[in-house]
There are 2 protein chains.
Amino acid sequence: MSFMHESAVTASDKAFFRLRKEIVEGDIPAGSKLSEMELSTKYEVSRAVVREAINRLEACHLVERRPNVGARVVSLSEEGLMELYQVREALEGMAARLAAQHMPDEEIAKLNSLLNEQFDEVKGGESYYQEAGDLDFHYRIIVGSQNQQLIAMLSNGIYHLARMYRVQLGMAGPRVTTAYDEHKHIVRAIANRDAELAEMLMRRHIQYSKNNIATKLTKQHQS
Amino acid sequence: MSFMHESAVTASDKAFFRLRKEIVEGDIPAGSKLSEMELSTKYEVSRAVVREAINRLEACHLVERRPNVGARVVSLSEEGLMELYQVREALEGMAARLAAQHMPDEEIAKLNSLLNEQFDEVKGGESYYQEAGDLDFHYRIIVGSQNQQLIAMLSNGIYHLARMYRVQLGMAGPRVTTAYDEHKHIVRAIANRDAELAEMLMRRHIQYSKNNIATKLTKQHQS
DNA sequence: CCGGACCAGATTGTCGACAATTTATAATAT
DNA sequence: ATATTATAAATTGTCGACAATCTGGTCCGG
């Protein structure tokens, strides 16, 4: 991921990034308890920095904390995932609308060329960049909205939770080429400065992903 | 505010609530620096609890923090307010849609009777409950969505920032009775389980508020 | 045998002190 | 006089220790 450069200056930052990574990747299982002492010995830092890291994780909705009891990694559920998709639909739909209004022409051009690169890779059968490319696409549109609140919410909060679901419920879907076309349409709407259409297409795009995963999950239930 | 009962169990909670109140009400001016030492002597607690409180404020987007430098209260701007309304439009629109799908009948009935009470008060000329009533209305719909992510985002985050803008840029608008009608329509759509319409009406409702305030602000510029 | 009070262990919350970094001030050289 | 560097003050970051609270088990009474 070349974008989203977060630089760790303080020790709490490093602990926060590391902890977040381990939670998202599943090295620390979902639903497990986070002991401050344990982590402080494991990371070789004081409890204070672990506490601060955990507090930040809580702000991202990656852990839940109860006073005088402790913090637990959030537990993943099907409903939770559906709820997350609903929030994404609302926010990213608005982001697409705003991007159609505010995104600079040159940024749109870059987004377009990015899609063309991805097209070649998809044609070449390299699903390697699939996830990264998808993330990059969505991220650029979010930034293109030029709404700071929106950008903060999505990149600090929802992004990592969504990734956690994707990694741990393991969903690298066969929706690659289909999603590519949808991306193309969205960019075209943005380039045409058609805010209404851009929002609608983005919302549909996310709804499709949601439905795709929902059916996949119910199939898992049957087997 | 009878709803949204946050109970302060720990000292950090109390410090957080107090600080938040003082920031939202403007007792601590927007854009001002937050000195940890100063606050710890003022509140008669250790710096650690002040730090934790400030961290939580940061998660609410009420303060911005820079490593090794310190925390400042966010500064209010017209663009910031417009951005906030855009986010609210997206999220509360989705909340209304979901409420139309998931809100229990009895909750809808309660919401309806609440509106009737407010109607009497509005007719009686008591704009006293105006803001509280509006907040209560929106809050109930958000809860009615039964989407935990959405509820957390709006009630922990955006709610207080919106209130801060309302208090400090002083906008108790003459939109009372108009807004009341809009509320009525929204509830009717929810009661009819018309998700599409509920979302559209809620979004329009928030757009109207936004436009109302935008024109009011430009008038202030002229004078 | 079951339920409640009580006690020990462990965990979180809070504190004051020290270390690291930034900011303000003053001195020096050009 | 201005710019640059060095120094001092103040602020934030980090640490270890103590206090408050929760958890689990044990004991006692019913």
Side-chain angles (χ1 to χ4, degrees), chain A residues 5-23 27-75 152 156, chain B residues 5-23 27-75 152 156:
Chain A
H5 2 270
E6 303 167 301
S7 50
V9 14
T10 176
S12 298
D13 289 342
K14 290 200 262 293
F16 169 60
F17 292 143
R18 179 170 172 188
L19 204 49
R20 187 179 65 185
K21 177 174 164 60
E22 296 191 7
I23 288 175
D27 299 332
I28 299 177
S32 61
K33 188 170 186 334
L34 291 178
S35 164
E36 294 181 358
M37 269 193 316
E38 191 181 328
L39 289 172
S40 74
T41 60
K42 179 179 169 188
Y43 290 179
E44 292 173 321
V45 289
S46 112
R47 261 187 58 215
V49 331
V50 173
R51 269 182 79 81
E52 194 155 328
I54 290 179
N55 280 332
R56 286 211 251 167
L57 265 321
E58 187 186 18
C60 302
H61 302 275
L62 286 174
V63 314
E64 288 168 351
R65 158 171 268 175
R66 282 193 326 178
N68 286 314
V69 174
R72 310 189 74 86
V73 179
V74 295
S75 44
N156 292 330
Chain B
H5 358 269
E6 303 167 300
S7 49
V9 12
T10 176
S12 299
D13 290 341
K14 290 200 263 293
F16 170 61
F17 292 144
R18 180 170 171 187
L19 242 179
R20 187 179 64 185
K21 177 175 164 59
E22 296 189 9
I23 289 176
D27 301 332
I28 298 177
S32 61
K33 187 171 187 332
L34 292 178
S35 165
E36 294 181 359
M37 270 192 316
E38 193 181 326
L39 289 173
S40 74
T41 60
K42 179 178 168 189
Y43 290 177
E44 292 173 320
V45 289
S46 114
R47 260 186 61 215
V49 331
V50 173
R51 270 182 79 81
E52 194 155 327
I54 290 180
N55 281 331
R56 287 212 249 167
L57 264 321
E58 188 187 18
C60 301
H61 302 275
L62 286 174
V63 315
E64 288 168 350
R65 159 170 266 176
R66 283 194 321 178
N68 286 314
V69 174
R72 310 189 75 87
V73 179
V74 294
S75 45
N156 293 329

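Quick note on labels: first sequence line is chain A, next is B, and so on, each numbered from 1.
What separates CD of Glu44(B) from C1' of dC15(C) is a distance of 15 Å, to the nearest Å. Rounded to a whole Å, the CD atom of Glu52(A) is 15 Å from the P atom of dT14(C). To the nearest angstrom, P of dT23(C) lies 11 Å from CZ of Arg72(B). In this entry the distance linking OH of Tyr43(A) with C1' of dT14(D) reads 18 Å, nearest Å. A straight line from CD1 of Ile54(A) to P of dT14(D) spans 15 Å, rounded to a whole angstrom.
Neither OP1 nor OP2 of dG13(C) sits under 4.0 Å from any side-chain N or O of Ser12(B). Distances shorter than 4.0 Å separate some side-chain N or O of Thr10(B) from OP1 or OP2 on dT14(C).
Not counting sequence neighbours, the partners of Glu38(A) by the side-chain contact (heavy atoms from CB on, under 4.5 Å) test are Ser35(A). The salt bridge (Lys or Arg N to Asp or Glu O under 4.0 Å) test applied to Lys14(A) returns no partner, not counting sequence neighbours. With sequence neighbours excluded, no residue forms a side-chain contact (heavy atoms from CB on, under 4.5 Å) with Thr41(A). Residues passing the salt bridge (Lys or Arg N to Asp or Glu O under 4.0 Å) test with Lys33(A): none are found, sequence neighbours excluded. Considering only residues two or more places apart in sequence or on other chains, Val45(A) meets the side-chain contact (heavy atoms from CB on, under 4.5 Å) condition with Tyr43(A), Val49(A), Val50(A).
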*asked:* What does the B/S/- profile of nucleotides 16-24 of chain D look like, 5' to 3', with a 4.0 Å heavy-atom cutoff to protein?
replied: -----SSS-

*asked:* For Arg51(A) and Arg51(B): C-alpha separation, side-chain torsions, deciding distance, then whether side chain to side chain contact (heavy atoms under 4.5 Å, CB included) applies.
replied: CA-CA 11 Å; Arg51(A) 269 182 79 81; Arg51(B) 270 182 79 81; over 6 Å; no

Under 3.5 Å, side-chain donor or acceptor atoms of residues 62-74 of chain B against the rest of the protein: list the pairs with distances, not counting sequence neighbours.
residue: Arg65(B); atom: NH1; partner: Asn55(B); partner atom: OD1; Å: 2.3
residue: Arg65(B); atom: NH2; partner: Glu36(B); partner atom: OE2; Å: 3.1
residue: Arg72(B); atom: NE; partner: Gly31(B); partner atom: O; Å: 3.3
residue: Arg72(B); atom: NH2; partner: Gly31(B); partner atom: O; Å: 3.2

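We find that Glu22(B) and Arg18(B) are joined by a salt bridge, their nearest charged nitrogen and carboxylate oxygen being less than 4.0 Å apart.
Within residues 30-42 of chain B, no residue has any heavy atom closer than 4.0 Å to DNA chain C.
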